[in-house]
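Notes follow once the structure below has been shown.
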Amino acid sequence: MINLTLKDGSVKQVAKGTTLEELARAISQGLARNAVAGKVNGELKDLSFPLQEDAQVEILTLDSEEGLEIMRHSTSHLLAQAVKNLFPGTLLGIGPAIANGFYYDFDSEHVFTPEDLEKIEQEMKRLAKEDYQFTCRTVSREEALNYFQEKGEKYKVELVNDLPEEARISMYTQGNFTDLCAGPHVPSTKMIKAFKLQSVAGAYWRGNEKNKMLQRIYGLAFAKAADLEDYLFKLEEAKRRDHRKLGLELDLFSLHDEGPGFPFFHPKGMVLRNILEDFWRKEHQKRGYVEIKTPIILHRSLWEQSGHWDHYKENMYFTKIDDQDYCVKPMNCPGGMIMYKTKLRSYRDLPIRCGELGLVHRHELSGALHGLLRVRNFTQDDAHIFMLPSQIKEEIIGVIDLVDYFYKVFGFEYHVELSTRPENSMGSDEAWEMATNALEDALKAKGMDYKINPGDGAFYGPKIDFHLKDCLGRTWQCGTIQLDFQMPEKFDLTYIGEDGEKHRPVMIHRVVYGSIERFIALLTEHYAGAFPTWLAPVQVRILPITDKQNEYAKQVRDLLSEQDIRVEIDDRREKINYKIREAQTEKVPFALVIGDKEVQEQTVAVRRYGEQKTETMPFGDFVALIKDEILSKKIRQI
RNA sequence: GCCGAUGUGGCUCAGGGGUAGAGCAGCUCACUCGUAAUGAGCAGGUCGUCGGUUCGAAUCCGACCAUCGGCUCCA
């Protein structure tokens with residue numbers, strides 16, 4: 001007999017060799033019915049796994065994320081089986097579970113169409129009902145190679161060959177379909193109930209653009225139909241938050257064929273930009289930053305010196321002036337270098353925190369452009385901090401705190417990544433290690449959770465990245481802190497130390513918003529276009545009921561305007577319902593309805609965005625209310 | 001850049017080898033109105049661009065451009 005410690009802490013004694021499925025049945029029929037897999041000492045196992053010794057055991061159902069993930073993975077096998085049945089000769093790539101679903105990559109002469117997806121989905125449903133068991137078989141490397149070679153599955157052969165020496169190689173079979181897979185899987189295809197094929201997309205084999213592009217079929221899978229419906233509904237809802245749609249509706253910005261990736265900001269979008277910039281300047285001044293502005297076009301020699309010419313050329317735009325090569329800046333740092341060198345610096349001057357709202361241009365691949373989230377010109381809220389080596393940690397922490405402060409003001413949740421040395425980079429291993437450690441130390445000192453993003457650093461240094469989510473949950477890098485030992489070297493930056501000798505400063509590149517454009521996009525999606533009052537392009541719209549109240553309305557407007565409140569009057573000869581509807585559609589935080597009664601009593605009838613009720617109050621009270629809301633940057637949940 | 005899809009008035013979309021339609025928005029007129037759309041009328045499009053097929057192309061074909069979803073890349 002062996003002792004199994006269950007999830008609730010209780011211990012169950014069973015015969016050696018009892019499978020997880022038998023264990024589940026011994027616990028309860030319900031559990032046995034819903035079990036998809038198990039976890040033995042933290043390792044995921046099939047239900048058919050026989051227990052040989054004392055262990056911590058957990059039976060997984062679709063109620064857990066892990067259970068769902070296993071089922072999603074199994075669904076990808078089901079997809080592959082259906083595709084193989086309908087399109088014989090299709091070769092298999094990989095097919096993992098992903099958030100909310102799964103995908104499978106295929107190599108096929110046939111190009112999958114949306115109509116094919118429907119057929120495949122039907123076939124999947126048919127196969128699921130067949131109640132095929134997922135059976136696992138451990139095989140030798142030779143056997144696996146022979147099997148896949150014989151079938152011409154060259155991608156699988158490649159995968160097998162790349163498996164480490166000691167790897168246990170297993171194959172899973174359901175019905176007429178067998179795939180290389182580490183598992184585990186649900187016991188039977190009938191556990192797969194609520195799924196939907198979503199789209200086909202090209203995807204390079206192993207994510208490398210030098211490899212062949214395969215066809216990736218994406219699908220959704222949930223525990224039950226209602227969950228799938230819920231998710232599809234949420235997707236539709238999320239699309240209403242899309243900044244591209246809202247940007248047009250709210251008249252914030254536009255994009256045109258004449259300038260793909262070069263956004264046009266409209267008056268209302270400019271209000272947002274300017275508020276973000278004003279807030280930025282104020283907070284940076286408080287923290288000892290100065291601000292500069294450097295040119296957008298600079299001579300080729302500067303970019304050769306900085307290393308951009310060698311390491312960043314594919315992303316840069318060029319021009320000729322008087323027969324000389326010039327570059328449109330993709331980054332602000334070289335300009336900052338020139339500024340630093342305009343005079344002799346003393347250790348007493350450091351750190352120098354030098355900010356710049358700099359417009360940079362980068363040639364992004366046409367297929368990568370995406371609203372304001374990925375553009376070809378954008379304004380970085382950049383700063384370069386020049387400092388003594390002894391100031392590194394404190395300065396990094398200062399920036400981490402600053403970013404955290406900013407994101408909290410907007411109500412953003414974020415996650416942090418540490419990006420390490422990329423392939424095409426410059427500098428010595430020691431310098432990279434030093435810089436990476438310094439960043440990691442600062443993160444640890446702050447007790448922050450972070451994930452490592454190997455090889456994703458800038459070519460001159462590692463970085464801490466701050467990521468925010470868009471309406472569909474895709475994450476975008478915004479803030480970043482990059483520690484750089486290379487530029488000071490390349491530009492021979494120096495300061496005079498206490499000892500009277502020249503020394504090399506260290507520098508940080510950092511942004512908080514990241515790019516104003518991207519940040520505006522994320523703000524728009526975050527608030528679903530209903531900006532908090534302090535950010536709203538129009539804060540108050542006054543709605544006189546008839547033109548008899550126009551005069552009082554104008555008085556109200558002028559008084560608000562004097563208080564720097566962004567206010568408009570809608571004095572069109574429309575019904576009040578119509579005006580209210582428009583104010584709501586345009587997501588103006590406050591609509592002030594003014595009729596005879598309000599004129600009489602010198603009050604305003606306040607209707608807030610998203611609320612049905614109105615509150616009539618003395619005008620002075622309203623001013624106090626809105627001013628407080630603006631000053632405190634209040635975020636209201638709607 | 002690559003794979004797939006899409007491209008019809010400012011917006012949303014219908015239509016489809018015989019030469020273009022709706023709703024909203026806009027403009028004009030009437031209505032002076034109390035918390036999410038008053039009514040009537042008018043105007044607006046070389047159907048993404050360029051080629052080809054055809055007696056005839058917005059419709060079929062090709063190339064290109066842009067957009068969308070991915071891949072790759074990145075603030």
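Proteins come first, then strands; the chains are lettered A, B, ... in the order of their sequence lines, and each starts at number 1. As the structure is a computational prediction, the values presented were derived from the model and not from experiment.
- Within the 4.0 angstrom heavy-atom criterion, only backbone atoms of the sugar-phosphate kind lie near A:D456; the bases stay farther away.
- In this structure, A:K293 has no salt bridge (charged side-chain N to carboxylate O under 4.0 Å, His left out) partners at least two apart in sequence or on a different chain.
- What separates CD of A:Q482 from C1' of B:C74 is a distance of 11 Å, to the nearest Å.
- Among residues two or more places apart in sequence or in another chain, the ring pair (Phe, Tyr, Trp, His ring centres under 6.0 Å) test is passed with A:Y218 by A:Y103.
- Seen from the ring of A:Y405, A:R287 counts as a face-on cation partner, given the 6.0 Å and 45° thresholds.
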One character per nucleotide, please: for nucleotides 28-33 of chain B, 5' to 3', B when the base has a protein heavy atom closer than 4.0 Å, S when only the sugar-phosphate does, - otherwise.
---BBB
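- Backbone-only contact: A:Q477 has heavy atoms under 4.0 Å from sugar-phosphate atoms and none from a base.
- RNA chain B lies under 4.0 Å from at least one heavy atom of each of the following residues of residues 581-590 of chain A: A:R581, A:Q584.
- A donor and an acceptor atom never sit less than 3.5 Å apart when one is taken from the side chain of A:Q549 and the other from the base of B:G34.
- The shortest distance between the side-chain N/O atoms of A:R607 and the OP1/OP2 oxygens of B:A36 is below 4.0 Å.
- Following rounding to the nearest Å, A:Q198 (CD) and B:G70 (P) show an atom-to-atom distance of 9 Å.
- Using C1' as the reference atom, B:A22 and B:U35 are 31 Å apart when rounded to the nearest Å.
- Contacts of A:R362 with the nucleic acid, taken as non-hydrogen atoms under 4.0 Å apart, include base atoms.
- Stacking between A:F378 and the base of B:A75 is present: ring centres sit under 5.5 Å apart and the planes differ by under 30 degrees.
- Judged by the 6.0 Å distance and 45° axis criteria, A:R72 is positioned over the aromatic ring of A:F222.
- Pairs engaging residues 90-103 of chain A under the salt bridge (charged side-chain N to carboxylate O under 4.0 Å, His left out) rule: none recorded [sequence neighbours left out].
- In this view, A:F466 and A:Y414 satisfy the ring pair (Phe, Tyr, Trp, His ring centres under 6.0 Å) rule, not counting sequence neighbours.
- Residue-level contact check: A:E611 touches neither bases nor backbone, having no heavy atom under 4.0 Å from any strand.
- At the heavy-atom level, A:K245 lies nowhere under 4.0 Å from the strands shown.
- A salt bridge links A:R608 and A:E629; the closest N-O separation between the charged side-chain nitrogens and carboxylate oxygens is under 4.0 Å.
- Looking at A:E611 and A:R636, a side-chain N of the basic residue comes within less than 4.0 Å of a carboxylate O on the acidic one, giving a salt bridge.
- Phosphate contact (OP1/OP2 of B:G69, side-chain N/O of A:H370, threshold under 4.0 Å): present.
- The nucleotide whose nearest atom lies closest to any side-chain atom of A:R474 is, among B:U72, B:A25, B:G69, B:G69.
- Centroid-to-centroid, the aromatic rings of A:F459 and A:H308 come within less than 6.0 Å.
- Taking the C1' atoms as reference points, B:A25 lies 33 Å from B:G17, given to the whole Å.
- The nucleotide whose nearest atom lies closest to any side-chain atom of A:R216 is, among B:A75, B:C71, B:G69, B:C71.
- Nearest nucleotide to the A:T480 side chain, out of B:A36, B:A75, B:G69: B:A75.
- Nucleic acid contact class of A:K597 (heavy atoms, under 4.0 Å, all strands): base.
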Which dot-bracket string fits RNA chain B when only Watson-Crick or G-U wobble pairs with both atom distances under 3.5 Å count, crossing pairs get [ ], and | stands for a partner on a different strand?
((((((((.[[[[.)..(..]]]].(((((.......))))).....[[[[[..)....]]]]])))))))....
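- Taking the charged nitrogens against the carboxylate oxygens, A:R353 and A:E395 do have a contact shorter than 4.0 Å, which makes a salt bridge.
- Checked against a 6.0 Å centroid threshold, the rings of A:F410 and A:H526 do not count as neighbours.
- Within the structure, side-chain hydrogen bond (donor to acceptor under 3.5 Å, both in side chains) pairs that include any residue of residues 535-546 of chain A comprise A:R541-A:E568, A:R541-A:E586, A:T546-A:Q549 (at least two apart or interchain).
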Can you give one letter per nucleotide of nucleotides 2-11 of chain B, 5' to 3': B if a protein heavy atom sits under 4.0 Å from the base, S if only from the sugar-phosphate, - if neither?
BBS------S
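- Within residues 464-471 of chain A, no residue has a heavy atom under 4.0 Å from RNA chain B.
- Residues passing the salt bridge (charged side-chain N to carboxylate O under 4.0 Å, His left out) test with A:E158, sequence neighbours excluded: A:R206.
- The nearest whole Å value for the distance from the CZ atom in A:R374 to the P atom in B:G1 is 14 Å.
- With sequence neighbours excluded, the residues satisfying ring pair (Phe, Tyr, Trp, His ring centres under 6.0 Å) with A:H110 are A:F87, A:F112.
- At a threshold of 4.0 angstrom between heavy atoms, the contacts of A:G479 with the nucleic acid are absent.
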